[in-house]
> 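The structure is given below, and queries will be raised subsequently.
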Amino acid sequence: MMDSPQDGENIWTEFAGNSHCVPSSARLKEYISGKTVVITGGGGSIGSALARFATTCDLDTLIVLDSNEHSLHAFEQSLDSSSKVARVPILGSICDSALLSELFALHHPQIVLHAAACKHVPLMELNPLAAASTNVLGTYALLQAASEYGAAQFIMVSTDKAVLPASIMGATKRLAELLLFAHPDQALQRKAVRLGNVLGSSGSVGPIFLKQIMEGGPVTVTHPDARRFFLTLDHAVALLMSALSPAYETGILIPDLGPTRTIEELARYLIAATASERGIEIIFTGLRPGDKVEELLSSPYESVLAQDDRFSTVQPERLAPRTLQAIVEQITLSVRQRDLPLLLESLCKAVPEYRPGHVLLQVLENKRQIELWK
């Protein structure tokens, strides 16, 4: 069995097998040296890993924003007291425009690392308005503040689930990408980095499997053919920091994560690596609401250009300013009035490849709302 946190880190690295793609930390530190950096979702797995890396750099100021008091406090308590970086922990939401204006007016961050998101696919199928509020409106509010107060770079954590989305989570992240690139501020470098499944992150399948193994099984896998891109948390941080390089212009950055691997393969690997006794059963439970059998990092409709050995790029699709404004206004109204049909109508217009799944349609039926389209 695993007996130390280091063992836990090693087990993900060994499975992912892509640690060779991670550039040296010295080069990554150059990108934020002397800067004021704000990290949203700073109490989450990716956000806190970014923030922890930032505390090892020669920053001016590190601002860590999170809406979860427990997560923000836990992050602060976990830090090495020897770090000399000035830190400003802020408890609040990216949907709070007044808070964002205050934060940016006071600190004038040059770099925004945007990791705040509603990310749990089945949960968001049951809470679509929350997904739209954070992933769409929160991203837009943060983008507006970054532009108004002269930030230089805006890096957004995106996801493979935004490609041909089958879930409300994926559709809202896809719309967040579109909003990012529709913004007229050409001086602000805007980049979205599409990541796959980050091994060991909170709520991800790996820790769930480990818990099931420690309890003696069974280990529950959704589908024998379900395949995902996997990467470690360290690799995710390195990719997001690499995106700050001036070599990458505004656009969607697609990392080389190698081929997809089955979720069953991860389950069998963890059983073999950590089980003190054999015979732990794997059972298949079926795809969850919003899940796809296999994820993609780009769609057949996107023009992907080879950039270097770390990223390929997709030239962003740009919405007309009038279209952008109409979408934001409709989604704002839908969230304010809890009008799910209006939300889905707006989302399907903006992301035409998306169609709500059966669970979300059942939510509509339960609310006795009208049919979305003829």
Side-chain angles (χ1 to χ4, degrees), residues 40-41 44-47 50 67 93-95 112-143 154-183 190-198 201-204 228-229 231 236 239-240 243 250-255 257 288-292 294-299 301-302 314 316-319 324 327-328 331-332 334-335 343-344 346-357 360:
T40 71
S45 296
I46 295 176
L50 282 167
S67 60
S93 170
I94 57 171
C95 298
V112 178
L113 298 174
H114 176 31
C118 289
K119 69 172 189 174
H120 297 293
V121 170
L123 183 60
M124 290 306 103
E125 291 296 285
L126 296 171
N127 295 275
L129 293 160
S133 180
T134 297
N135 294 353
V136 178
L137 300 181
T139 297
Y140 185 71
L142 185 66
L143 181 61
F154 189 112
I155 309 296
M156 183 178 79
V157 180
S158 192
T159 170
D160 51 8
K161 294 171 178 60
V163 180
L164 302 178
S167 65
I168 193 77
M169 180 274 202
T172 53
K173 289 297 286 185
R174 174 57 181 154
L175 182 51
E177 289 182 349
L178 293 172
L179 295 181
L180 193 65
F181 305 123
H183 199 278
R190 290 151 285 137
K191 306 165 193 177
V193 181
R194 287 180 182 163
L195 300 179
N197 284 31
V198 179
S201 62
S202 63
S204 64
R228 300 291 183 264
F229 294 99
L231 71 160
L239 289 170
L240 292 164
T250 291
I252 297 171
L253 301 182
I254 300 176
L257 299 181
R288 307 171 306 166
D291 271 350
K292 291 190 285 188
E294 185 165 11
E295 299 290 356
L296 301 168
L297 284 169
S298 62
S299 85
Y301 309 109
E302 293 178 318
V314 172
E317 181 181 343
R318 298 186 185 276
L319 298 174
L324 166 66
I327 290 170
V328 171
I331 292 182
T332 299
S334 70
V335 169
L343 170 63
L344 294 180
S346 304
L347 201 53
C348 289
K349 285 180 181 177
V351 187
E353 63 270 30
Y354 167 67
R355 286 292 179 268
L360 193 45

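Everything numeric here is computed off the predicted structure, so don't read it as measured data.
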> We want to know whether Ser93 and Ser67 form a side-chain donor-acceptor pair, criterion being a heavy-atom distance below 3.5 angstrom.
no

> Heavy atoms only: give me the nearest Ile331-Ala132 pair and the separation to one decimal.
CG2-CB, 4.2 Å

> For the pair Thr40 (side chain) and Ala116 (backbone), establish whether a donor and an acceptor sit closer than 3.5 Å, ignoring hydrogens and angles.
yes

> With side-chain contact (heavy atoms from CB on, under 4.5 Å) as the test, pick out the partner of Val163 among Glu353, Lys173, Arg194.
Arg194

> Side chains of Met169 and Thr159: does their closest heavy-atom pair fall under 4.5 Å?
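Yes, side chains in contact.
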
> To check you understand the geometry: which heavy-atom pair defines the closest contact between Ala192 and Ser158, and what is its length?
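Closest heavy-atom pair between Ala192 and Ser158: CB-CB, 4.2 Å.
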
> With rounding to the nearest 0.5 Å, note down the distance linking CG in Leu137 to OG1 in Thr332.
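The distance works out to 4.5 Å.
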
> For Glu177 and Ala162, which heavy atoms make the closest approach, and how far apart are they?
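Minimum heavy-atom separation between Glu177 and Ala162: OE2-CB, 4.0 Å.
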
> Quick check for you: to the nearest 0.5 Å, what is the distance between Leu231 atom CG and Arg228 atom CZ?
14.0 Å

> Once you round to the nearest 0.5 Å, how far does CG of Asn135 lie from NZ of Lys119?
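The CG atom of Asn135 sits 12.0 Å away from the NZ atom of Lys119.
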
> Please find the pair of heavy atoms, one from Pro289 and one from Val121, that lie closest to each other, and give the distance.
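Smallest interatomic distance, heavy atoms only, reads O-CG1, 3.5 Å.
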
> Where the side chain of Ser133 meets the backbone of Ala130, is there a donor-acceptor pair that is under 3.5 Å apart?
no

> At their closest point, which heavy atom of Pro356 faces which heavy atom of Cys348, and how far apart are they?
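Smallest heavy-atom distance, with atoms named: CD-SG, 3.9 Å.
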
> Output yes when a side-chain donor or acceptor of Arg174 lies under 3.5 Å from a complementary backbone atom of Tyr354, and no otherwise.
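No, the answer is negative, given that no donor and acceptor are paired below the 3.5 Å cut-off.
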
> State, with a plain yes or no, whether a side-chain heavy atom of Val112 is found less than 4.5 Å away from one of Arg190.
no

> Output the distance between atom CG (Leu126) and atom CD1 (Ile168), rounded to the nearest 0.5 Å.
11.5 Å

> Can you classify the ring geometry of His114 versus Phe154 as parallel (below 30°), tilted (30 to 60°) or perpendicular (above 60°)?
perpendicular

> Rounded to the nearest 0.5 Å, what's the gap from OG1 on Thr139 to CG on Leu178? Could you check?
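So the OG1 of Thr139 and the CG of Leu178 are separated by 12.0 Å.
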
> Can you tell me how far CG of Asp160 sits from CG of Leu296, rounded to the nearest 0.5 angstrom?
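Separation between the atoms: 8.0 Å.
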
> Please test Val335 against Val136 for side chain to side chain contact (heavy atoms under 4.5 Å, CB included), starting from the C-alpha separation and ending with a verdict.
CA-CA 11 Å; Val335 169; Val136 178; over 6 Å; no

> Quick one, Lys161 with Asn197, criterion side chain to side chain contact (heavy atoms under 4.5 Å, CB included). Give me CA distance, side-chain angles, the key distance, then yes/no.
CA-CA 10 Å; Lys161 294 171 178 60; Asn197 284 31; 3.3 Å; yes

> Does a side-chain heavy-atom distance below 4.5 Å link Pro128 with Leu360?
yes

> Return the minimal non-hydrogen interatomic distance between Met124 and Ala131, and the atom names on each side.
SD-CB, 3.7 Å

> The test is side chain to side chain contact (heavy atoms under 4.5 Å, CB included); show your working for Val193 and Val157 and say whether it passes.
CA-CA 5 Å; Val193 181; Val157 180; over 6 Å; no

